[in-house]
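Just so it is clear: chains get the letters A, B, ... in the order the sequence lines come, proteins before strands, and each one is counted from 1.
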Protein chains: 2
Amino acid sequence: MGRWEPDAAGRLREAAMALYAERGFDGTTVADIADRAGVTARTFFRHFTDKREVLFAGSELLEQSMVKALADAPADAGPMEAVAAAVLASAEFFDDIPRDYSRRRQDLINATPELRERELMKMAALTSALTKGLLERGVAADVAPLAAETGVAVFRVSFERWISAPDGEPIADVIRSTLKTLKTL
Amino acid sequence: MGRWEPDAAGRLREAAMALYAERGFDGTTVADIADRAGVTARTFFRHFTDKREVLFAGSELLEQSMVKALADAPADAGPMEAVAAAVLASAEFFDDIPRDYSRRRQDLINATPELRERELMKMAALTSALTKGLLERGVAADVAPLAAETGVAVFRVSFERWISAPDGEPIADVIRSTLKTLKTL
DNA sequence: CATCGTGATGTCAGTCAATGACATCACTGA
DNA sequence: TCAGTGATGTCATTGACTGACATCACGATG
């Protein structure tokens, strides 16, 4: 065994989730979280830039995988096809974490303005990453932002639906269904 | 003359704008702002809930006027027509403030992640207010959010364009032009 | 005209998020 | 065996924000 328990970041994330749920975001101090994780508050800030970010660690991975899928889409695919591929790629990401975790996390976010703010920021970052990816695919400058925004909207709606869908429903199916609905508009 | 200089909130807003521009958001303390406005930091927090909000005071008015225009639109107007009326109503709001002020304010927001976060939150609030207004007009539940989101997008794009448009260009014209472009999609 | 309430502000003390500087020490590789 | 490294702890400090209480010009009231 090493000098310290491994995976301090993971323990901090779990502790934060639990405490935010128990006492609310405002009722929880960073020291509380650190205590429960068996580290000091200073260590918390070595792993997460702030008290909000602890619930959003890993979002870079999601963004990266979506951008990669966008780049990997066939060269002759249209903008919306490429975006659809990107959104579908997010499914892979969520397959690795229990859906119940996603649900509890989202409940916290929805209940806490500070966390909602941060989530909006992540979505905006995702939108501009996708926009950039589309531009690199040669998509016209007036189309790219629109397609990206639409893609993020599909992602959001699908995620929300998946979270409250019957158990066992794969998120990929929900996304495909959302994309199909979109086409009817 | 009263016991205190009038319009403390206004002075605080101007002081904040100036200091954020001079030293950046992070380089400015609330005490700095309060000093320049001739009050104490405690008074700052009596007028604004936090250091970010000082640049967003008045956004409720914008939201209210848009929601009102939405409600006042002819009963037989479709969802997008009503939304267009709401967005156009925002022009009235901006007619009362110098465009240069809007520009400087937006530059600050674009340069500061914390302020961008807050702005996204305001836009999200606007979206849900418009959604609610549409639902009250009897718009279908699956159409309302989409129409609202589109309206806010039009607003954002128009505002951005107006800010960098030649001087004297009325924002209402820019909005009309954006709406026209939208129709071509 | 004396008094009283009120509202906007000041003062003070305290909590807590966040950061920088420096110390520690198990583990690793030469 | 020993120097270097990385993850953590410790300590001190700044600054955002809050609650409790004091102040005092002004306006209303009797």
Side-chain angles (χ1 to χ4, degrees), chain A residues 1-58 108-109 111-119 121, chain B residues 1-58 108-109 111-119 121:
Chain A
M1 193 180 78
R3 182 174 179 192
W4 293 283
E5 292 299 311
D7 194 23
R11 266 152 40 222
L12 284 165
R13 197 173 342 118
E14 306 242 325
M17 281 267 298
L19 289 170
Y20 291 170
E22 281 174 28
R23 320 178 186 170
F25 181 83
D26 290 333
T28 305
T29 72
V30 171
D32 292 338
I33 301 170
D35 276 355
R36 180 173 297 206
V39 296
T40 57
R42 191 68 184 83
T43 291
F44 176 95
F45 290 108
R46 289 204 179 93
H47 288 277
F48 306 100
T49 61
D50 62 43
K51 203 184 158 187
R52 307 172 179 192
E53 201 64 18
V54 65
L55 283 196
F56 296 91
L108 283 177
I109 293 172
T112 315
E114 279 114 315
L115 295 175
R116 272 249 286 288
E117 231 172 20
R118 181 58 50 86
E119 187 189 35
M121 197 70 168
Chain B
M1 193 181 79
R3 182 174 179 192
W4 293 283
E5 292 298 312
D7 195 23
R11 268 156 33 225
L12 284 165
R13 198 173 341 118
E14 306 242 326
M17 281 266 299
L19 289 170
Y20 290 170
E22 282 174 28
R23 319 177 186 172
F25 181 83
D26 290 333
T28 305
T29 71
V30 170
D32 292 338
I33 301 170
D35 276 353
R36 180 172 296 205
V39 296
T40 56
R42 192 68 184 82
T43 292
F44 177 96
F45 289 109
R46 288 203 178 92
H47 287 278
F48 307 99
T49 60
D50 61 43
K51 202 184 158 188
R52 308 173 179 192
E53 200 64 17
V54 65
L55 283 195
F56 295 92
L108 284 176
I109 292 172
T112 314
E114 279 116 314
L115 295 175
R116 272 249 284 290
E117 231 173 20
R118 181 59 49 84
E119 187 190 35
M121 198 70 168

Which nucleotide in the list [options] gets nearest to the side chain of [X]?
{"X": "B:Ala8", "options": "D:dT18, C:dT9, C:dA17", "result": "C:dT9"}
{"X": "B:Val30", "options": "C:dT9, D:dA16, D:dG19", "result": "D:dA16"}
{"X": "B:Lys51", "options": "D:dA16, D:dT8, C:dG10", "result": "D:dA16"}
{"X": "A:Trp4", "options": "C:dG10, D:dT8, C:dA18", "result": "D:dT8"}

Distance check needed: [N] [atom2] versus [X] [atom1], whole Å only.
{"X": "A:Arg42", "N": "D:dA7", "atom1": "CZ", "atom2": "C1'", "answer": "12 Å"}
{"X": "B:Phe45", "N": "C:dT11", "atom1": "CZ", "atom2": "C1'", "answer": "16 Å"}
{"X": "B:Arg52", "N": "D:dC17", "atom1": "CZ", "atom2": "C1'", "answer": "13 Å"}
{"X": "A:Phe48", "N": "D:dA7", "atom1": "CZ", "atom2": "C1'", "answer": "14 Å"}
{"X": "B:Ile33", "N": "D:dC17", "atom1": "CD1", "atom2": "C1'", "answer": "13 Å"}

Taking OP1 and OP2 of [N], is either one under 4.0 Å from a side-chain nitrogen or oxygen of [X]?
{"X": "A:His47", "N": "D:dT8", "answer": "yes"}
{"X": "A:Thr49", "N": "C:dA18", "answer": "no"}
{"X": "A:Thr40", "N": "D:dG9", "answer": "yes"}

For this session: List the atom of B:Leu12, the atom of B:Phe48, and the distance in Å for their closest heavy-atom pair.
Result: CB-CE1, 3.8 Å
Exercise. Below 4.0 angstrom, N of the basic side chain to O of the carboxylate: do A:Arg36 and A:Glu22 qualify?
Worked result: yes
Problem set entry | Sidechain N-carboxylate O distance under 4.0 Å for B:Glu117, A:Arg118 | yes
Exercise. When rounded to the nearest 0.5 angstrom, what is the spacing between OG1 in A:Thr49 and CZ in A:Phe56?
Worked result: 11.0 Å
Exercise. Can a donor-acceptor pair under 3.5 Å be found between the side-chain atoms of A:Arg3 and the base atoms of C:dC25?
Worked result: yes
Exercise. Can a donor-acceptor pair under 3.5 Å be found between the side-chain atoms of A:Arg46 and the base atoms of D:dG6?
Worked result: no
